[in-house]
Amino acid sequence: VGYTDQDGMIKKNTFSRMTGRMNVSHRLNDFITIGSNITYANSFNQSPNTGTTGAFSTGGLGRLPMVLAPNIAPYNADGSYNINKAGNNMGLGNNLVGPGGYYNPIPDLDLSKFTS
C-alpha cells in the first residue's frame with residue numbers, strides 16, 4: 001500500500017496518489033500453481049494554468065512574483081480584480097508608472113485549474 005500527497009511551490013498545485021497491490025497464489029500439487037494479482041491505483045493532479053509559452057515569456061505564475069511591483073494590489077478597492085481592461089493586463093493602482101504587460105495572477109489562481 002502506498003500513499004502520497006504533495007503540494008507544489010505554486011498555490012493550488014497539488015498531487016495525490018493512492019496505490020495498493022495484492023498477490024494470492026495457491027499450489028494445487030507439484031505441477032500446478034494458480035494465482036492472481038490485484039492492483040489498485042488512483043491519482044489526482046490539480047494545477048492552475050501557468051500561462052507560460054517560452055523561456056522569456058512575461059507570464060507564468062512562477063515568474064510573476066519576481067517581476068510585479070510589490071505595492072500593486074491584486075484587487076481593486078471594490079473587490080474586483082485589478083485588471084486594465086484596455087490592455088487586459090494588471091493595472092498600476094495608485095502608481096503613475098510601473099511594469100507593464102504583466103497579467104494579474106490572482107484570476108488564474110481563482111478561476112483556472114487543470115485536473116487529471
Side-chain angles (χ1 to χ4, degrees):
V1 176
Y3 178 75
T4 184
D5 189 13
Q6 300 174 347
D7 290 328
M9 59 184 239
I10 296 174
K11 285 185 175 185
K12 297 188 179 182
N13 186 5
T14 61
F15 175 73
S16 62
R17 177 177 50 212
M18 187 178 350
T19 59
R21 183 173 177 164
M22 183 173 69
N23 300 325
V24 177
S25 64
H26 180 70
R27 188 174 188 135
L28 295 175
N29 57 35
D30 289 339
F31 303 105
I32 300 175
T33 302
I34 59 172
S36 67
N37 296 320
I38 300 171
T39 303
Y40 170 80
N42 185 19
S43 63
F44 179 75
N45 187 18
Q46 178 179 1
S47 61
N49 180 5
T50 60
T52 55
T53 57
F56 299 105
S57 173
T58 59
L61 290 174
R63 184 171 185 263
L64 282 172
M66 296 183 278
V67 295
L68 286 174
N71 65 339
I72 298 177
Y75 298 101
N76 293 323
D78 63 358
S80 63
Y81 296 119
N82 182 9
I83 297 175
N84 177 355
K85 304 284 193 258
N88 199 22
N89 53 18
M90 191 155 185
L92 297 176
N94 291 329
N95 297 330
L96 298 177
V97 296
Y102 300 109
Y103 68 91
N104 187 343
I106 300 301
D108 259 350
L109 289 172
D110 290 347
L111 306 173
S112 171
K113 62 183 169 182
F114 172 77
T115 58
S116 65

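We find the CG-OG1 distance between Asn42 and Thr19 to be 10.0 Å, quoted to the nearest 0.5 Å. Remark: Met22 CE to Ile38 CD1 distance equals 3.5 Å, nearest 0.5 Å. Residue Arg17 holds its CZ atom at 14.5 Å from CZ of Phe44, rounded to the nearest 0.5 Å.
Residues Tyr75 and Ile106 meet the side-chain proximity criterion, which asks for heavy atoms closer than 4.5 Å. Residues Ser43 and Phe15 form a side-chain contact, since some pair of their non-hydrogen atoms from C-beta on lies under 4.5 Å apart. Taking 4.5 Å as the limit, some side-chain heavy atom of Arg21 sits within range of a side-chain heavy atom of Asn37. Counting only heavy atoms from C-beta outward, the side chains of Thr33 and Leu28 never approach each other to under 4.5 Å. Asn76 has its side chain out of reach of Tyr81: every pair of non-hydrogen atoms, C-beta onward, lies at least 4.5 Å apart.
Taking every heavy atom of both residues into account, Ala73 and Asn82 meet most closely at O-ND2, 2.9 Å.
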